[in-house]
Novice: 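Structure in structure tokens, see below.
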Amino acid sequence: QVQLVESGGGLVQAGESLRLSCAASGRFFSINTMGWYRQAPGRQRDLVAGITRGGSTNYADSVKGRFTISRDNSKNTVYLQMNSLKPEDTAVYYCNLRIRTGYSIDSDYWGQGTQVTVSS
């Protein structure tokens with residue numbers, strides 16, 4: 001009933017920028033928290049940034065000052081603006097949305113992942 005579609009990944013040089021997006025479609029009442037995670041080969045999946053319905057944000061220390069998370073509720077979409085990219089940012093990025101799909105029923109949904117590769 002709910003699907004997430006990610007886009008915006010690619011190959012860039014260090015210092016350049018990318019903008020990721022994740023759009024939800026299907027039947028649901030509302031979207032609560034939204035977040036971005038990333039996972040490099042052989043590493044665990046870690047939180048990059050999160051945003052609440054009220055607009056409060058949090059970031060991993062490694063991306064503070066460089067990445068910005070935002071949401072457009074009219075489009076059911078979350079964005080991640082990534083500036084000053086570094087090779088260490090190379091990973092598969094996944095969006096995660098907590099969505100109310102029924103009466104007092106919240107569930108977490110994951111995007112398919114999009115590859116971000118930053119060359120030195």
Novice: Under 6.0 Å from the CD atom of Gln3, do we count more than 12 heavy atoms belonging to anything else shown?
Specialist: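 Not more than 12 within 6.0 Å, no.
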
Novice: Are the side chain of Gln39 and the backbone N or O of Val92 linked by a donor-acceptor pair below 3.5 Å?
Specialist: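 Flag not set: sc Gln39 to bb Val92 has no pair under 3.5 Å.
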
Novice: Quick one: closest heavy-atom pair of Asn83 and Gln81, and the distance?
Specialist: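 Smallest heavy-atom distance, with atoms named: OD1-NE2, 3.0 Å.
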
Novice: Side chains of Phe29 and Ile105: does their closest heavy-atom pair fall under 4.5 Å?
Specialist: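 No - every pair of side-chain heavy atoms lies 4.5 Å or more apart.
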
Novice: Excluding sequence neighbours, so at least two apart, what forms ring pair (Phe, Tyr, Trp, His ring centres under 6.0 Å) with Tyr79?
Specialist: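 With neighbours one apart ignored, the set is empty.
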
Novice: What are the two closest heavy atoms between Ala24 and Ile99, and how far apart are they?
Specialist: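 For Ala24 and Ile99, the tightest heavy-atom pair comes out as CB-CD1, 4.4 Å.
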
Novice: Between atom CE of Met34 and atom CD1 of Ile51, what is the distance when rounded to the nearest 0.5 Å?
Specialist: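 Rounded to the nearest 0.5 Å, the CE-CD1 separation comes to 8.0 Å.
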
Novice: With side chain to side chain donor-acceptor pair (under 3.5 Å) as the test, would you mind laying out the steps for Arg38 and Ser62 before giving the verdict?
Specialist: CA-CA 12 Å; Arg38 66 186 181 188; Ser62 59; 3.3 Å; yes

Novice: Are Asp61 and Lys64 within salt-bridge range, i.e. N to O under 4.0 Å?
Specialist: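 Salt bridge: yes.
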
Novice: Which pairs pass disulfide bond (SG atoms under 2.5 Å apart) with one or both residues in residues 12-120, sequence neighbours excluded?
Specialist: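 Listed by first then second residue: Cys22-Cys95.
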
Novice: Hey, could you give me the OH/CD1 distance between Tyr109 and Ile31, rounded to the nearest 0.5 Å?
Specialist: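 So the gap between those two atoms works out to 11.0 Å.
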
Novice: Can you check whether Leu85's main-chain N or O pairs, donor with acceptor, with Glu16's side chain at less than 3.5 Å?
Specialist: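 Judged by distance alone, no pair lies under 3.5 Å.
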
Novice: Okay, side chain of Thr52, backbone of Thr33: is any donor-acceptor separation there less than 3.5 Å?
Specialist: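 Side chain of Thr52 to backbone of Thr33, a donor-acceptor pair under 3.5 Å: no, none is there.
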
Novice: Are the aromatic ring centres of Tyr37 and Trp110 under 6.0 angstrom apart?
Specialist: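 Between Tyr37 and Trp110, the centre distance is under 6.0 Å.
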
Novice: Is there a side-chain contact between Val48 and Tyr59 (heavy atoms, below 4.5 Å)?
Specialist: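 Counting from C-beta outward, Val48 and Tyr59 never come under 4.5 Å.
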
Novice: Strictly by disulfide bond (SG atoms under 2.5 Å apart), give each pair with a member in residues 27-89 just once, sequence neighbours left out.
Specialist: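 For residues 27-89, and leaving out neighbouring residues, there are no disulfide bond (SG atoms under 2.5 Å apart) pairs at all.
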
Novice: Looking at CD1 of Ile69 and CG of Asn58, how far apart are the two atoms once the value is rounded to the nearest 0.5 Å?
Specialist: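 The CG atom of Asn58 is 8.0 Å from CD1 of Ile69, to the nearest 0.5 Å.
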
Novice: Do you know the tightest heavy-atom contact between Ala40 and Ala91?
Specialist: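 Closest approach of Ala40 to Ala91: N-CB, 4.0 Å.
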
Novice: Among Thr77, Thr114, Val78, whose side-chain contact (heavy atoms from CB on, under 4.5 Å) with Ser21 holds?
Specialist: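 Going through Thr77, Thr114, Val78 one by one, the side-chain contact (heavy atoms from CB on, under 4.5 Å) with Ser21 is satisfied by Thr77 alone.
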
Novice: Does Arg100 pair with Asp106 as a salt bridge, N-O distance under 4.0 Å?
Specialist: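 Asp106 and Arg100: salt-bridged.
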
Novice: Please round to the nearest 0.5 Å and tell me the distance separating atom CE of Met82 and atom CG of Leu18.
Specialist: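 One finds 4.5 Å between CE of Met82 and CG of Leu18.
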
Novice: Side chains of Tyr94 and Glu6: does their closest heavy-atom pair fall under 4.5 Å?
Specialist: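 In short, these two side chains touch, coming nearer than 4.5 Å.
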
Novice: Atom OG in Ser107, atom CD in Gln1: separation rounded to 0.5 Å?
Specialist: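 CD of Gln1 is found 10.0 Å from OG of Ser107.
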
Novice: Does Arg66 reach the main-chain N or O of Ser84 with its side chain, forming a donor-acceptor pair under 3.5 Å?
Specialist: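 Present.
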
Novice: State whether a side-chain donor-acceptor pair under 3.5 Å links Gln115 with Thr117.
Specialist: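 On atom types as modelled, these side chains qualify, holding a pair under 3.5 Å.
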
Novice: Do Leu80 and Thr68 make a side-chain contact, defined as non-hydrogen atoms from C-beta onward lying under 4.5 Å apart?
Specialist: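 They are not in contact (no side-chain heavy atoms under 4.5 Å apart), so the answer is no.
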
Novice: To the nearest 0.5 Å, how far apart are OG in Ser7 and CG in Leu20?
Specialist: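 Output value for this atom pair is 8.0 Å.
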
Novice: Within the supplied structure, the quantity of interest is the number of heavy atoms (other residues, nucleotides, ligands) at a distance under 6.0 Å from Arg53 CZ; does it exceed 12?
Specialist: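 12 or below, so no.
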
Novice: Among side-chain atoms of Arg98 and Asn96, is any donor-acceptor pair under 3.5 angstrom?
Specialist: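 Absent: no donor and acceptor within the cut-off.
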
